[in-house]
Amino acid sequence: MRILFLGDVVGRAGRDLVEARLAALRERLRIDLAIVNAENASHGFGLAPAMADSLFAAGTDVITLGNHAWDRKELIGHISQAPRIIRPINFPPGTPGAGSVLVTLADGRRAMVINAMGRLFMDALDDPFRAVGELLSRHRLGVTVGAIVVDIHAEATSEKMAFGHHFDGRVSLVVGTHTHTPTADHRILKGGTAFQSDAGMCGDYDSVIGMAKVPAVARFVRKMPTERLGPAEGDATLCGLFVETDDRTGHAMRVAPVRLGGRLSETLPDAA
């Protein structure tokens, strides 16, 4: 199975780029499953239902979220009717929506996508290790489901790495989001799980993690409130990760970064 994961979409610049490039990227890499983290898609904070619809129309199969899941209040009532938009699985019981989704591909193969959120330097939530572990006790990689992808939305690299090692061999991919900066540690762990600490963002890198530079820098320099932060709207870079799995085991056979456009150096995996 060929899987494309795109990191946090930030603002209009990120949305426009993903919507413009995703279909061609899917065709070039022969993608079976495309997953996009879109928790910053709406002016940098949250996701509007109409924006989710546009991302789906552009070729997204599953949308994941994070700590800004509820910044656009209209998503609260919408998410229960949109099963391919998932929020962190370790939100408390009773939270709208679901933390995972099973997707059946056109050829009948099945993939599971899970969204979890870390707890170090983040809002206090339930234990993501326990929540994902409980779900995986009911789904066996390579037996009941062909591939399993986990988006771990977290601040601390250590927590994301611990998450990858803890679930190594039980899922196809553990990929981090939230810090908006692509890390250079993409690899396949000993048990067969592909891992990257952070996929980076789809947004304008002439910024402070996607936000316009002047007010963001002023907050650090002056230590005083500034104007509301808003996304940078310059030339955006599409950042993500490509993974190819073994249909017999669900384990990763190949993992490679994806970067297109904007200010970062471009890289694409070989389509062969």
Side-chain angles (χ1 to χ4, degrees), residues 1-29 31-69 71-72 75 78-79 82-89 97-101 103 105 111-117 147-153 172-182 194 196 198-204 209-210 231 236-243 257-262 268:
M1 193 179 299
R2 290 180 167 226
I3 300 166
L4 177 66
F5 183 93
L6 298 183
D8 309 53
V9 175
V10 181
R12 180 181 296 277
R15 296 197 316 270
D16 287 350
L17 182 61
V18 171
E19 291 170 14
R21 302 294 292 270
L22 181 54
L25 193 55
R26 287 194 69 137
E27 182 176 0
R28 175 172 178 169
L29 298 177
I31 296 300
D32 299 303
L33 177 68
I35 306 159
V36 177
N37 184 294
E39 70 132 16
N40 299 120
S42 179
H43 309 289
F45 301 93
L47 173 69
M51 294 173 184
D53 291 343
S54 294
L55 288 170
F56 285 132
T60 301
D61 295 307
V62 177
I63 291 174
T64 59
L65 299 172
N67 57 304
H68 291 294
D71 285 7
R72 288 294 298 259
L75 188 66
H78 177 76
I79 195 169
R84 293 199 182 195
I85 303 174
I86 58 174
R87 45 73 174 168
I89 194 171
S100 67
V101 63
V103 179
L105 306 183
M112 173 175 280
V113 183
I114 305 170
N115 194 189
M117 196 158 89
I148 301 174
V149 175
V150 184
D151 170 358
I152 173 67
H153 196 80
S172 309
L173 168 65
V174 171
V175 59
T177 55
H178 180 66
T179 65
H180 294 194
T181 303
Q196 185 179 14
D198 202 283
M201 70 174 177
C202 297
D204 178 6
I209 62 169
T237 303
L238 181 149
C239 283
L241 194 65
F242 167 84
V243 176
V258 174
R259 292 190 302 272
L260 285 175
L268 273 178

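Just so you know, these numbers come straight off a predicted model, no measurement behind them.
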Polar side-chain atom of [X] near backbone of [Y] as donor-acceptor pair, under 3.5 Å:
{"X": "Arg21", "Y": "Leu238", "answer": "no"}
{"X": "Asp8", "Y": "His178", "answer": "yes"}
{"X": "Arg87", "Y": "Gly97", "answer": "yes"}
{"X": "Thr181", "Y": "Gly200", "answer": "no"}
{"X": "Arg15", "Y": "Ala41", "answer": "yes"}
{"X": "Thr60", "Y": "Ile35", "answer": "no"}
{"X": "Glu39", "Y": "His68", "answer": "yes"}
{"X": "Asp151", "Y": "Thr64", "answer": "no"}

With [X] as reference, evaluate [options] under the side-chain contact (heavy atoms from CB on, under 4.5 Å) test and give the passing residue.
{"X": "Leu65", "options": "Ile86, Ile85, Asn40", "result": "Ile85"}
{"X": "Leu33", "options": "Val113, Val243, Leu4", "result": "Val113"}
{"X": "Ile3", "options": "Leu241, Val149, Asp32", "result": "Val149"}

Work out which heavy atom in [X] is nearest to a heavy atom in [Y]; give both atom names and the distance.
{"X": "Asp61", "Y": "Phe56", "value": "O-CE2, 3.7 Å"}
{"X": "Leu22", "Y": "Ala34", "value": "CD1-CB, 4.4 Å"}
{"X": "Leu260", "Y": "Leu17", "value": "O-CD2, 4.1 Å"}
{"X": "Ser172", "Y": "Ala147", "value": "OG-CA, 3.3 Å"}
{"X": "Ser42", "Y": "Ala48", "value": "CB-N, 4.1 Å"}

Answer yes or no: is there a side-chain heavy-atom contact under 4.5 Å between [X] and [Y]?
{"X": "Met51", "Y": "Val9", "value": "no"}
{"X": "Phe242", "Y": "Ile31", "value": "yes"}
{"X": "Leu268", "Y": "Leu25", "value": "yes"}
{"X": "Val10", "Y": "Pro231", "value": "yes"}

- Note on the structure: NE2 (His78) and CG (Asp53) are apart, to the nearest 0.5 Å, by 5.5 Å

- Query: Taking atom types as modelled, is there a side-chain donor on Asn115 or His153 under 3.5 Å from an acceptor on the other?
  - Reply: no

- Within 6.0 angstrom of Arg2 CZ, more than 12 heavy atoms from elsewhere: yes

- Message: The test is side-chain contact (heavy atoms from CB on, under 4.5 Å); show your working for Cys239 and Met201 and say whether it passes.
- Response: CA-CA 6 Å; Cys239 283; Met201 70 174 177; 5.9 Å; no

